[in-house]
Structure formats: C-alpha cells, structure tokens
Amino acid sequence: MKINKTPKRAQLQVSFAWIFAIIVGAFILFIAIYSATKVVKTGDTGVSAKAGKEISALLNPLEIGFETGVVILLAVPVETRIHNQCDSSGNFGRQVIKVSQKSFNTWAETDVEAGFPNKFIFSDGVEEGRNFIVFSKPFEFPFKVSDVIYMTSSNKKYCFFKAPTEIKKELQGLGQENILVESLECPEQSIKVCFSETVGADSGCDITVDKMQSSVEKRGEMVYYETDALMYAAIFSDKAVYECQVKRLMKRTEQLSLLYDEKRSLLSQKGCPDTVDLQSLASSANSITNSSTLSSQDLFSVAITADQVNRQNDAATCALW
Amino acid sequence: MKIQQMAFMLIAVTVFFALVGMFVLTIVFSNMKASAAVLEEKNALLLASRLANSPEFRCGNAFGTERANCVDFDKVMALKKGIKKYSQAGFWGVSKIEIIKIYPTGASSNVLCTLENYPECGRIEILPAGEGTGVSNFIVLCRKEYNGGQVQNVCELAKIVITYKG
C-alpha cells in the first residue's frame, strides 16, 4: 500500500471570531480616544472661558472710581496668554478678552471670548505670564468718562527713566513691582521709557514720550494722547489696541455728552438757566469715532471743545457734573 | 453561536461605556453651569457696589463736593429716556436695574417715576425688563430743586437693586 504524503505548509489560522473582535475592538478604542480628546478640549475651552469671565469680574473693583492708584494682581495657576481685542463698532464698541492656557506644554487655543461694552483695558495685544499686574486711572474729558485699566504681565519690567516729578510721584505711589522709576540707569531686559524733555534723542529708549507734542513713540510708531490717563495707555499698549480703545472712549464721551444734554434740558424745565453747549462736544467726539486713524489734531480739537464745555459748566448755576 | 454571543457582549460593553461617558459629561456640564451662575452672581454683587459711582449714575461735583455712592436723580431720569442704546449693547450685563427710595417715605413711595411725575415718585426702573435674582446697595439719591429763584440740592436715601439671571 502506498500512501501519498503531501508536505504540510505552516499557516496562520485566524478564525472569523478573532477578526470580528479585532475590528470591533479597534472601533471601540477609536471612539473612546476620540471622545476623550473632545472632552479634554471642551474642558480647556471651558477653563479659558471661565478665566476670561473671572478676569472681568476681578476688574470690577478697579472701576469704583473714588480711589485712584489701586493695583491688583491677577495670579493664575498655569502659564496664560490674555488676548486683548477691541471692537469699535456699535454705540459703545466692545472690550474682548480671550484667554488661552498652557496644557501639556501646548497652548490650548480657544474661540470662546468674553466681551464687555463698559470696560477699557490697555495692554499689548497678547500679554503672557502667570501674574498680571493691573491698575486704573479715571479718564475725564471733561466729565468722568470711564476708569481706564492698564494691564501688564509681571514678566515685563517698565523702567521710567528720568520721569518728570509728578509722574515719578504717581508711579512710586502705585508701588507696582514691574514699574521702576530710575534716574541713573535702567536694568537690562527692561523696557526703557524716556521723556524727551529730560532725555536726549539717542539714549537707547524703547518708548519715548513727548509731552510738548502729546505723543508717544513706541516700536517706531507714533500715537497721540490728551490727559495723563491716555499717556499711560499709549505707553502700555500697542498702537492697534490704543487707537481702537480711544475711539471707544470717544463713543462713550459722545453718549455721555448727550446724556448730560438731556439732563440740562430737564433742569432748564425746572428753571435752571441753559448755558452748557454739549451738542458741540458730542459731535466733536463723534468725528473721531468715524476717522480711520487717530491724528494729533483730531484729539486736540476734542480736548479744546471739552475744555470750553468744562468752563461753561463751572460757571453754570446748576452744574451738570 | 459563539460569534453571536461575542457581538452581544461587545454591544453591551459599548453601550455601558457610552452611558458612563454621558454620566461624566452631565456632571462636568452641571459644574460648568454652576460656575457660570457663581460668576454671574459675583459680577452682579460687584456691579451693585460700583454702579452708583459709574459715569452714567454718579453725582460728581454737581451737588457740592464729590461723594461715594451718590446717584444723580436728574441724570438717571435723562438716562431712562435714552436707555435703549445701553440695553441693546448689554452695557452692564444685567437684566434689570431699579432704584427704590427708602427715606423719606410718602404717599408717592410706590409710584413708578416717569418724566411727567418725577420727583414725586418712589421707584425708578432704569432697565425695566428681566427676572432673576436681585442684589442691592444703599445709595444717596440727589436732585436739584429750583425754589423761589434759588437752586437747592435735595438728597434722599435709596437703594439700587440689580437683577441678574441666575
């Protein structure tokens, strides 16, 4: 008897049950990982949105407006970027804050933003750090328009070099740790702020304030200001943020002028003489809100009108503000 | 048979994890809602303490020297007339702002203020619509009175009530 033996080849026998289990297992794992990533992302967005809103609530005490020179420290547990955005559309415009925080060594970018029509924050477009130092100053033009808020990261040191006496006094009174007032030499790595009346043109200044021309030169760009509140604003913020916020301040000035004009008309019905011309201030402030760039002449002409209106108010029988 | 058992098992495992995930998400989102409500409340409480000093309400130097928590009645009535711009912009981020006179009280203490009856009234609804939780702060409500050719400053005790959705 002859037996025919064919050589057996080694072969991997995978049953259908195994293939099915692997495919479905992979699918379940994919869904689980995808959902986990989504949940983490949603969590990051939630944290950023909450931080944005919280910052706004924390800034409220700065707007009490009765005390000046209040400094608050915003401390966050992780490295944070605060995006300062400004929208000048509408009757008041909007202050927009977007917060992104470092998570697993990458910046968790978010589209969630917190917007406030009644706040004016002056800072660079993006401030980064764990501690943010914030102080405020009332902006009066001629009546109080708002408390403007200045926000800087504690990583940035501003050195005011040979500042005029009144500015020196004010800054020293703040006791803000990242603002230095020096008359001999500024530390390296600090942002040197000079005043053209006390320092020559070639002194290695990062920011130069010309009080005669009411201008601030920063990174080769020139911006104009009126009042000390706007001078600090120009120092601590970049051009785009500054000009947009000034437009918003002018919008509020216009609305407040109309409000005071309405009050004037109510008082005149009661018998108080009618002397303050607020319509001219409203239209002057409105002219700035419509211009594409902010020139020195624009602000100067509103300041002149504001000064005239203020003198009329001081002389009035029923003062409006 | 075995395949059928495995398929059912896998479906059961998937459904189980989906339910656990949904449960976790519900907890996470309810926490988020609670945080949002806490933030709203914090904002309203701080707003109540500072609103009287904001440019639209404050007395400034109109009644002599500057004082804290002093609201200009005449200015508030003017604001009431042009409130639409402010409410459309969601300017204060709250649903209702009201001022209620506390002292001296009189027959008109419950009367809603309008341009026709002011100052003989007791309640000023600045932002009228809206329901929610209210927080309040005491203020001084001052106005100008013109009597016999003389201007007088009249100040009364009142409270400002802010209502937020929470």
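Letters go in sequence order (proteins before strands), and every chain restarts at 1.
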Examine whether an atom of [X] lies under 4.5 Å from a heavy atom of chain B, and if so say whether it belongs to the side chain, the backbone or both; otherwise answer neither.
X: Phe143(A); value: neither
X: Phe27(A); value: neither
X: Leu266(A); value: side chain
X: Ile31(A); value: neither

Please check: side-chain N/O of Lys85(B) versus main-chain N/O of Asn91(A), any donor-acceptor pairing under 3.5 Å?
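No: the side chain of Lys85(B) does not pair with the backbone of Asn91(A).
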Met9(B), part contacting chain A, at a heavy-atom distance under 4.5 Å:
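Interface part for Met9(B): neither.
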Please state whether the side chain, the backbone, both or neither of Leu51(B) comes within less than 4.5 Å of a heavy atom of chain A.
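Neither; nothing under 4.5 Å.
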Output, in order, the C-alpha distance, side-chain angles, deciding distance and verdict of side-chain contact (heavy atoms from CB on, under 4.5 Å) for Asp72(B) and Lys263(A).
CA-CA 10 Å; Asp72(B) 184 334; Lys263(A) 180 186 166 182; 2.4 Å; yes
Lys/Arg-Asp/Glu bridge criterion (N-O < 4.0 Å) met for Glu56(B), Arg252(A):
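Answer for the salt bridge query: yes.
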I'd like to check Lys75(B) versus Trp321(A) (side-chain heavy atoms, cut-off strictly below 4.5 Å). Are they in contact?
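SC-SC contact between Lys75(B) and Trp321(A) ruled out.
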Looking at every heavy atom in both Phe92(A) and Ala89(B), which two are closest together, and how far apart are they?
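That would be CD1-CB, 3.9 Å.
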Please determine, among Arg143(B), Glu145(B), Lys144(B), the option with the most heavy-atom pairs under 4.5 Å with chain A.
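Looking at each of Arg143(B), Glu145(B), Lys144(B) in turn, Lys144(B) comes out on top.
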Among Tyr146(B), Tyr86(B), Phe91(B), who wins on heavy-atom pairs under 4.5 Å with chain A?
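Highest number of pairs under 4.5 Å: Phe91(B).
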So how far is it from Ser35(A) OG to Phe17(B) CZ, rounded to the nearest 0.5 Å?
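Here the interatomic distance stands at 12.0 Å.
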Does atom CZ (Phe20(A)) have a neighbourhood of more than 12 heavy atoms from anything else shown, all under 6.0 Å?
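More than 12 heavy atoms, drawn from other residues, nucleotides or ligands, come within 6.0 Å of this atom.
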For chain B, which of Ile28(A), Leu320(A), Leu256(A) has the most heavy-atom pairs under 4.5 Å?
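The answer is Leu256(A).
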